[in-house]
Every structure is written in C-alpha cells, then in structure tokens.
There are 2 protein chains.
Amino acid sequence: MAVRGAARPTKADVARLAKVSTATVSYVLNNVEGQRISPQTRAAVRDAADRLGYRPNLAARNLAVGGSGVVLYIVPRIALGELPMEVGSRLTTALARHGIVLSLQFETDDDRNVIDAVTDLDPAAVTSVFPLTGAALAAVSARGIPQIHLGSAQLRAMGALHLSIGELRIGHLAERGHRRIAFAHSDIDRLRPLGDYWLEGLRIATRARGMPDLEVATFATDGTGAADQVRTLVDDGVTAVCAQSDETAFVVLHGLRQAGLRCPEDLAVMGVDARPLGAVSGPPLTSVGFDARVIVEVSVAAMMAELGYPTEHDPGIEHVATLIQREST
Amino acid sequence: MAVRGAARPTKADVARLAKVSTATVSYVLNNVEGQRISPQTRAAVRDAADRLGYRPNLAARNLAVGGSGVVLYIVPRIALGELPMEVGSRLTTALARHGIVLSLQFETDDDRNVIDAVTDLDPAAVTSVFPLTGAALAAVSARGIPQIHLGSAQLRAMGALHLSIGELRIGHLAERGHRRIAFAHSDIDRLRPLGDYWLEGLRIATRARGMPDLEVATFATDGTGAADQVRTLVDDGVTAVCAQSDETAFVVLHGLRQAGLRCPEDLAVMGVDARPLGAVSGPPLTSVGFDARVIVEVSVAAMMAELGYPTEHDPGIEHVATLIQREST
DNA sequence: CTGTTAGCGCATTCAC
DNA sequence: GTGAATGCGCTAACAG
C-alpha cells in the first residue's frame, strides 16, 4: 500500500530504501537489457518502489531522453460510430502506462489545431485512423514526425473484414430473395475509402453468388434529394440497399419516408455499424455490429507496436461481426 | 527511422541571437513581473525568438517548475450531444498554447483509467463537465489534485440558460396552440440532473403562461415500451412533448410510429440539442440548437481561469440558442 | 554487477 | 538591467 506523503518519492528515495544506487533503480525499473542484476537486488528495488508508491517523474524522464513524451491522436470529425473514440480512449490508457500522454486532436477544416499542437507539443509521433492530409500532413512530415495510421491495410490484416462483412450482408439479403442490390455511399469525401472498402467486400460476395453487380448511389448527409434517389433505385428494380454505415442508412430511410415508400416491402435497407439509434429509427434498422473490443484491441496493438511498445498479446480475430436483425430487411 | 527535422532551437540560441543572457530571454518570453527590461531588449528577444521559431521545451520547463504539465479531462460516457467533446477539444488547444497538454479520459464503470492516469501522469488538475464520483473522486482528492467542473452553477451563470431555453420551447409550442405538454426524460441516470435542469426551465415557462403543469415520462433508450407510453400521453390529452434531448426525442418518435400515431398531428415532439441526425428522422425533428461556440467558450474560459490562465476575453452570452423548426411540431 | 557523474533545457536566485 | 550559477529528477556513459 502506497503511503502518500506530500511530495512524490523520487528515484533517490527508492535507491536509499533499497540500499542501492539510483542507476540500479533505473535499470531494474526500466528493464534495461545488457545489465546483469542479481534477482535479489532486483526484487529489493521493486519492493522498495511500490512500497513507496514510486512513479517516475515524466518531465524529468522526457528531458533526459530528449523527447516530449507526447503523442498526438487525430480524431476524424465524421461520425464513424464509436470506434475511433474507443481506440483513442484505449490508446490513452495503454500509453499512459508507458508514461507517454496521448493528446487527442479533433479534425477541423483548417487543421490549425493539429499544426499548433505539433509545434507546441513537439509530439514523438502522430497517430490516426485515416492517413493525414493537407496542412496537417505537411506540418507533420516537415518535422519528420513519424505518423501511424490504421488504414485498410490493418483492416485487411484483421481477417479480411470486408469479405466476411460483405458475405454476411449479402447472404442475409439473398436469403430474403433480394438479387438487385444497391450500395449507398456517404457524400463525405473522407469516408469514401471506407465505403469503397465495404463495397469491395459486397461486390465479391455478390459475384460469388452470381448476382448482378451492385448499383452505387451517393446520399447527402442532410437528406437532400434522398427521396428522388430512392425512387430511382426502386424504379430500376433494386429491392435492397446496403449502406456504407448506419448514418447513411438513416438517410436512405428518410428518403423512403419522404417518397412514401415502405421499408422493407418496397426497399430493404441495411446498415453496418450497429449504432444504438438504429433501434429507434423508422423502421428499426438491420445492421451488423462489430465487436468493438476486438477491433480496438487490434488497432491499439498495431499502434503500440508501431510506437515501439510491442504488445505480446495478439487478440483473436474471430467473431468480430454479428448480424443485428431488425425491421428494415 | 525518420530523420527528425533540424534540432529545436533552445533558449540559449535565442539569447545568443538577441545578444542577451538566457535569463533575460526567460523574463521577456514569460512576461515576468517585477523585472524592468528595456523595450528594445524586449523586442530583440521577441524578434529572435520567432525568427528562430523558438518554442520552449515543455519537459524542461515542467521539470524546472516541478509540475507534470498535464491536465486530465473526464469525458462523460453518455451521449450529451457534441458539447462535452467540443469543450474537450477546445480546452486541448487552449491549454496547448500554454504548454500544458490535456489528456482526455473517458468514463468507465470502474474509473480504472482515471485512477491509473492520475497516478501515472500526476496531473496538475482534473477537469470535467460533471463532478467526479466514486473511485475517481476518491483517487483525485486523496492526492489533493484540484478538480474543476462545469456544474449547473456555471450553466446558470451562463444567462440562466434553462430559462431562456424553456421559454423558447414553450413559446414555440404555445404559439401552435399546445397547452398540455409532457416532458420526456431519459432513462440514463447520469443524465437525470441535466434533464431536471431543462425541466425546471420549462416548468417556469409554463407557469408564467398559466399553462397546466408538465407531465413527466421516462423513456427507455432502446425504445422499449415507448409506444405504450406515447399512447397513454395522447389519451391523457397531451398534445406535445418536450424531450430532454434529441436522443430522447428520437425514442418518442419511434413510439409514435410504433403506435401508429401521427406527428405532429397527434403529438408534436421537440428536442433540444439539434443533432444533425434530426434532419433525417421521421419526421424531421424540431429542436433548439445551441451556439456551441459560445457555450464552449464560456466553459473553456471558466476552466482556464480556474487553472490559473485567466482569459481576458469574456465572451458575450447572447443568443446561445436558436430554434430549429422542422416537421415534428 | 553496481556506484559516480555529467548533462537534458529551463526557471530562478544572486551578484555584477 | 543583465549575466552566471544552481538544481529540478532522470538517463546513460563510464568507472570501479
């Protein structure tokens, strides 16, 4: 049990209590390789350390190693479910354990905050879910700061997620007799790559079943023109649409209501993301829910590895996604 | 291994360029009182500093002043619109300008991450929108770390927000002939205080107009039982409901659709928060949008002041809220 | 194997 | 007014 006095114990205190030198303390606490230290000394140090509730002073450590001890995490502004925030959250605690603090930066139009943060905080690295672009990218690479992002490369590594999701969705729709299916893209540019990623999985699934290729439509986030688009789709003989995300699915649903069409009778709609709001949309939305835990773990592990803190634990990749059947299909 | 850009200039570099001592640099750059420095020297230092693009090394500064340079910001887990995140975001950049980094911590059931962060990062303060509770509170106060939160005290200071919002909503409904109005609470405990806060404002507004007191109903977030509740309300003669938030309003809308009732004919629904999704709900939701900028500014200013970085600029409190009329009323 | 020591960059006394 | 000197707590060479 740590006794909390006024001042935090320093490495010197630990050394004194363990009756060794500060260097030794440093070695055992940092698990420095190439130093052979007797198990008992090691134990003594460890004991003294947590007897005192010792925690290294980050400022001092950073000063000594010449780093800032800060890593930036850029959060996309667009609603992409809770995942990015979840990843950020987990990353925060995972890194804190290593004494480095994660500074979340939310995307803005001008990337100003990112640029400021880069110059003010001098981060050791910049992490993000999507690759940086524009001014932020320029600022970061100008300073030679390593950037780490979780592109579809990692997603692919994640058991070819798009394939299993695609199969899951198309399978569900095919079972219900749908053959002509459309894909609803978001009109947010930034999300395009993600949409394309899902689309690819869907395409492969339809092809495997000898179904006609998917039609593609892009829906405006604010619902503008959705009714007309939906009507066109239905007139073309499309009977179901797979949206790029639940958000986009909501827009399609909106279009259906505006057009006076019924869901799923006239057009079935399916999202992917399983946001809580899907339970109360009109009608409640069928979607596929991710096991956030697994995805987050993979992401965090990848980033930690990239940052030089490899995680020994490689989480299993099974069952990352499950169908959530509601009334829209 | 990426080659970092040119080494950062240090205070010594600036001193050399400005032909003064490092102490002088420190004085002018930190605007130290009680030191009389010639304007020209001052100018020379400033010039040299930004000529070199000098930024102080945070680790070194923190070491010298004995602080960690980290402040925690606890983000409530519940969906409360974008505001808390927005506040966190702004706080991040505002503090970064002062060389302190904000570490966002998301609430969890066990408060484990907060406790860990407190011991690992040794923050100078802990900020949050709501007061801390439970284990997190214990950990923070045990260490005597100052906590700063934005309770309804500040909200009230913010021009009695609940009153103006209440008046705005009731006024809108009254204009449309509604007299019997209900309030829809969220079933999330954590949100209760916020709901009560809004409710109080609504009550005062109805009373002022001699309208009957509001009925209160609590809706489950997942939509369970919403249809019955809505039906009961309508049977009771209620013609409009003010929800605690847009989220809750969506649940009411869901109940209406399930019950086969029309909105706004059978029951008008009004949210507060103006989330983007409101544009594509069924029907699109009337709500009141906050001028996030103002609220965030007030919050951030209050927190900065509390943290010892008073902001000279006291943002005006006018027009923090505007009615967003859509089809649900 | 373990102790000593020299900085890391900055804020802050204290002489000049 | 300004410059030199100290020390913050820690890491990493270098001795021993």
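Throughout, protein chains are lettered first and strands after them, A, B, ... in sequence-line order, and every chain is numbered starting at 1.
At a threshold of 4.0 angstrom between heavy atoms, the contacts of B/Ser26 include nucleobase atoms, whether or not backbone atoms are also involved. Within the 4.0 angstrom heavy-atom criterion, only backbone atoms of the sugar-phosphate kind lie near A/Asn30; the bases stay farther away.
Distance B/Lys11 NZ to C/dG9 P: 12 Å, rounded to the nearest Å. What separates CD of A/Gln40 from C1' of C/dT2 is a distance of 13 Å, to the nearest Å. Summarising the geometry, the separation between CG on A/Leu52 and P on D/dG9 is reported as 14 Å, rounded to the nearest angstrom. For A/Asn62 and D/dA12, the CG to P distance is 12 Å, given to the nearest whole Å. Atom CG of B/Leu29 is separated from atom P of C/dA11 by 8 Å (rounded to the nearest Å). For the pair A/Leu58 CG and D/dT11 C1', the interatomic distance rounds to 14 Å; values are reported in whole Å.
When the side-chain nitrogen and oxygen atoms of A/Thr24 are compared with OP1 and OP2 of C/dG3, one or more of them lie within a distance under 4.0 Å. For the pair B/Thr41 and D/dT2, the criterion of a side-chain N or O lying under 4.0 Å from OP1 or OP2 is met. Within the structure, every side-chain polar atom (N or O) of B/Lys19 is placed at least 4.0 Å from both OP1 and OP2 of D/dT2. The shortest distance between the side-chain N/O atoms of B/Tyr54 and the OP1/OP2 oxygens of C/dC10 is below 4.0 Å. In this model, the phosphate group of C/dG3 is approached by a side-chain N or O of A/Ser21 to a distance below 4.0 Å at OP1 or OP2.
Scanning both residues, B/Pro123 and B/Ala117, for their nearest heavy atoms gives CD-O, 4.0 Å.
Among residue pairs with one or both ends in residues 53-63 of chain B, those qualifying as salt bridge (Lys or Arg N to Asp or Glu O under 4.0 Å) are A/Asp120-B/Arg55; sequence neighbours excluded. Among residue pairs with one or both ends in residues 131-142 of chain A, none qualify as salt bridge (Lys or Arg N to Asp or Glu O under 4.0 Å); sequence neighbours excluded.
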Compile the donor-acceptor pairs under 3.5 Å between side chains in residues 93-106 of chain A and protein atoms, sequence neighbours left out, one pair per line.
residue, atom, partner, partner atom, Å
A/Thr93, OG1, A/Arg90, O, 3.2
A/Ser103, OG, A/Gln105, NE2, 3.2

Under 3.5 Å, side-chain donor or acceptor atoms of residues 62-71 of chain B against the rest of the protein: list the pairs with distances, not counting sequence neighbours.
residue, atom, partner, partner atom, Å
B/Asn62, ND2, B/Leu58, O, 3.1
B/Asn62, ND2, B/Ser68, O, 3.4
B/Ser68, OG, B/Val70, N, 3.2
B/Ser68, OG, B/Asp122, O, 2.6

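Between A/Val126 and the options A/Leu132, A/Leu137, A/Val114, a side chain to side chain contact (heavy atoms under 4.5 Å, CB included) holds for only A/Leu132.
An end-to-end axis angle of 40° holds for the helix from C/dC1-D/dG16 to C/dC16-D/dG1, taken from five base pairs per end and rounded to 10°.
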Nucleotide N/O of nucleotides 6-8 of chain D paired with protein N/O under 3.5 Å:
residue, atom, partner, partner atom, Å
D/dC8, O2, B/Ala64, N, 3.4

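Scanning for side chain to side chain contact (heavy atoms under 4.5 Å, CB included) contacts around A/Ala139 gives A/Ile115, with sequence neighbours left out. Applying the salt bridge (charged side-chain N to carboxylate O under 4.0 Å, His left out) criterion to A/Asp13, with sequence neighbours excluded, gives A/Arg16. Under the salt bridge (charged side-chain N to carboxylate O under 4.0 Å, His left out) criterion, B/Arg112 pairs with B/Asp116, sequence neighbours left out.
Counting non-hydrogen atoms of neighbouring residues, nucleotides and ligands closer than 6.0 angstrom, the CG atom of A/Asp189 reaches no more than 12 such neighbours.
Comparing atom distances between the A/Ala23 side chain and each of D/dA13, C/dC10, D/dG3 picks out D/dA13 as nearest. Considering only the side chain of A/Tyr27, C/dG3 comes nearest among C/dC10, C/dT5, C/dG3.
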